[in-house]
Amino acid sequence: MKKTIRQLILDAAQKAFENNEFNSNEFADFAIEEPKSDAHGDIATNFAMVNAKTQKMAPRKIAEILIRYIGNDSPVIEKTEIAGPGFINFFILPAAWYPVLNDIYEKDAEYGFSDIGKGQKTQVEFVSANPTGPLHVGHGRGAIVGDSVATLLSACGYDVHREYYINDAGKQIQTLGLSVFLRCKQLDGHTVEFPEECYQGDYIRDIAEELKQEKDDWIYSVSEDEAVSFCSKFAADRMIIKIKNVLNTLGISFDNWYSEQALVDSGKVESVIQKFKNREIIYEKDDALWFKTEDFGDEKDRVVVRNNGQSTYFASDIAYHQDKLDRGFDRIIDVWGADHHGYIPRIRASITASGKDEKQFVVILTQLVNLLRKGVPVSMGKRSGQFITLQEVIDEVGKDAVRFIFLTRHYESPLDFDLEVAKQKTNDNPVYYVQYVHARISSIIRKARDENKIGKNEITDIAFDKNAMAMIREPEEIQLIKHLARYPETIASSAEYMEPHRMAFYLMDLAADFHAYYNKHRVLTEDPDLTAGRLYLIFAVQKVIRNGLTLLGVSAPDSM
RNA sequence: GCGCCUGUAGCUCAGCUGGAUAGAGCAACGGACUUCUAAUCCGUAGGUCAGGGGUUCGAAUCCCUUCAGGCGUGCCA
């Protein structure tokens, strides 16, 4: 509809210019939008205002000329008017909205999908939590945002690749191994002291017990170094399995699990360092190797190889991001927790340094999650082991509620996640509000079948009965269709701005419109045409609700 | 100190990238179930968009500044 109106305006403007009523045929960019208030019509444009300069005319004068050329013969327009400082408001004929419904039936699960991504290869890397402990709610937020963004991009025709980067090299993995090793010894009755840096959560004990079950006393038959190293590998593998399981319960899976250790073993880290050394953008100081990130926009230079010869996490990351781009991705999107924001300039520096376009690299920073119970903060501390895991949160409030709550906020705002609120099945918890629409419509359709009220056509018939269609004319019904017509652009903007919350809010709004309609009008009536028309409408609503929930990874139940 | 993020109704949050009278939900108050699921709906009330300046036809939105909160500012990850 917006496209149609835009074209009408452009054609009219061109004609006005040809007849010398406009001073220029260079028109400024103008907006086509839906006014907040119904009194301002269905669609409005600021064309006249933004073109005051190009035409050297008063906005209202421009508007007058324009609507004269738009005329009244368009099949979709009921009337036009000029309002306020020069808005042009269009009132659309109710019947002009009907094709939206046919479109929904025709495209079905792919209604609203587009190819604006043009098959661009896009990688979304998210979660990527260290396998040194269970996921917590903060990881959950990144996981859900990343997954939903990936899904939305796919719906817009991007060729999307989901990746999890496993930090399975480096000191923290050794520490993990040591923690498990010490816990094993303790389980065997030895007195051991845990160094402060060791992980002490219950999961360490679980892994130690699993290890003992599989390997019995083997760890004492080898050197301690060898034992710890084995424990590291064993524990990391176990943690990855657990992480995969949690993510599975959230409906999240990855195309690739990328191992840092494998990256190191491949020699890519070494070779990037060498390459940068040759270009003299890596230099030696204080027995360490430094990357001149400051030359590429960072605050100061960063260490890539420590004075003890170990390379840093950053060194791997340079090679990793290089490798991503070498794999041919047009755009790489990293989803990080806000506490990593200091890393952006240095990664960007590494990308610029290697001659790539920094615009290919995008970071979504999800702000921290405060876990509460009845308004009281739940303490979180990884080393101490005193924390609630993501798995526990999901078990308590359910996958759908967790996903939806995380998605009803802009990822940039800090999030208070209250476990008690999340469990409530009230409107504090809008996931049920939206799902209820789906269940209600399923219920109506069941009843319609029971009572033989489906009519002579199946509801899903695209070539729908004209008489039935014409019965759709209540204001609430037209309102619903207008809302359904906005779904495609909601997908597009959610994907373009990588803001899945837009879809969540869209669904809540649509749900509100439906619930209001439901309370005011009966779908199943004694009039067969009316009943058929309304069934056709609500079935379309149900499809859109289901499609939208699916994009957000939330289920659409047939009964609640 | 510097950098990033945030500040909108009592609470939790939107506000479509500069548009018309700033919107929802919760909480409060008053109504609607013999009829398709009341996990719903209808209504009332609630605002100096943190404060101040600027940009222009027009600012919650852009710029400057002050204040408040969070995070970061490692040869940790």
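Sequence lines set the chain letters: A, B, ... in the order given, protein chains first and strands last, and positions in each chain run from 1. Note that the structure is a prediction, hence the values are computed from the model and not measured.
Across the C1' atoms, B/rC75 and B/rC63 are found 40 Å apart, a figure rounded to whole Å. Straight-line distance between the P atoms of B/rG54 and B/rU61: roughly 14 Å, to the nearest whole Å. Between the P atoms of B/rU44 and B/rG18, the separation comes to 33 Å (whole Å). Nucleotides B/rG74 and B/rG69 place their C1' atoms 25 Å apart, quoted to the nearest Å. The separation of B/rC5 from B/rU65, taken at their P atoms, amounts to 14 Å, rounded to a whole angstrom. With both ends at atom P, the span from B/rC57 to B/rA68 equals 36 Å, rounded to whole Å.
If you run ring pair (Phe, Tyr, Trp, His ring centres under 6.0 Å) between A/Tyr164 and each of A/Tyr258, A/Phe126, A/Trp257, only A/Trp257 comes through.
Contact between the side-chain N/O atoms of A/His340 and the OP1/OP2 oxygens of B/rC4 is not found at any separation under 4.0 Å. Distances shorter than 4.0 Å separate some side-chain N or O of A/Arg306 from OP1 or OP2 on B/rA77. Dashed line: the shortest gap from a side-chain N or O of A/Tyr313 to OP1 or OP2 of B/rG74 is not under 4.0 Å. Regarding contacts with the backbone of B/rC36, every side-chain N or O of A/Thr531 stays at 4.0 angstrom or more from both OP1 and OP2. Side-chain N/O atoms of A/Arg440 include one lying less than 4.0 angstrom from OP1 or OP2 on B/rA38. OP1 and OP2 of B/rA32 both lie 4.0 Å or more from every side-chain N or O belonging to A/Lys520.
In this structure, A/Arg440 satisfies the cation-pi test against A/Tyr518, with its NZ or CZ atom closer than 6.0 Å to the six-membered ring centre and inside 45 degrees of the ring normal.
Within 4.0 Å of A/Asp416, counting heavy atoms only, lie sugar-phosphate atoms of the nucleic acid but no base atom. Looking at heavy-atom distances under 4.0 Å, A/Ala448 makes no contact with the nucleic acid at all. Within 4.0 Å of A/Leu368, counting heavy atoms only, lie sugar-phosphate atoms of the nucleic acid but no base atom.
In this structure, A/His410 forms no aromatic stack with the base of B/rA14, since the conditions of centre separation below 5.5 Å and plane angle below 30° are not both met.
Ring orientation note: the planes of A/Phe276 and A/Phe291 are tilted relative to one another, at an angle of 30° to 60°. The aromatic rings of A/Tyr343 and A/Trp336 sit perpendicular, their planes meeting at an angle over 60°, well past the 30° parallel limit.
Counting to the nearest Å, the P atom of B/rG74 and the NZ atom of A/Lys171 are 15 Å from each other.
In this structure, B/rC11 and B/rG25 make a Watson-Crick or G-U wobble pair, each of the two defining distances being under 3.5 angstrom. For B/rG47, there is no paired nucleotide, since no Watson-Crick or G-U wobble pair has both relevant distances below 3.5 Å. As the counterpart of B/rG19, B/rC57 is assigned, both hydrogen-bonding distances of the Watson-Crick or G-U wobble pattern falling under 3.5 Å. With a cut-off of 3.5 Å on both pairing distances, the Watson-Crick or G-U wobble partner of B/rC4 is B/rG70. The base-pairing partner of B/rC75, taking Watson-Crick or G-U wobble contacts with both distances under 3.5 Å, does not exist among the strands shown.
Using a cutoff of 4.0 Å between basic side-chain nitrogens and carboxylate oxygens, A/Glu34 and A/Lys2 are scored as salt-bridged.
Base orientation for B/rC33: syn, the chi torsion being within 90° of 0. Its glycosidic angle being more than 90° from 0, B/rU44 falls on the anti side.
Checked by distance alone, A/Tyr433 brings no side-chain donor or acceptor within 3.5 Å of a matching partner on the base of B/rU40. Counting atom types as modelled, A/Asp317 pairs no side-chain N or O with a base atom of B/rA77 as donor and acceptor under 3.5 Å.
Side chains of A/Tyr283 and A/Asp301 form a contact here, defined as non-hydrogen atoms less than 4.5 Å apart.
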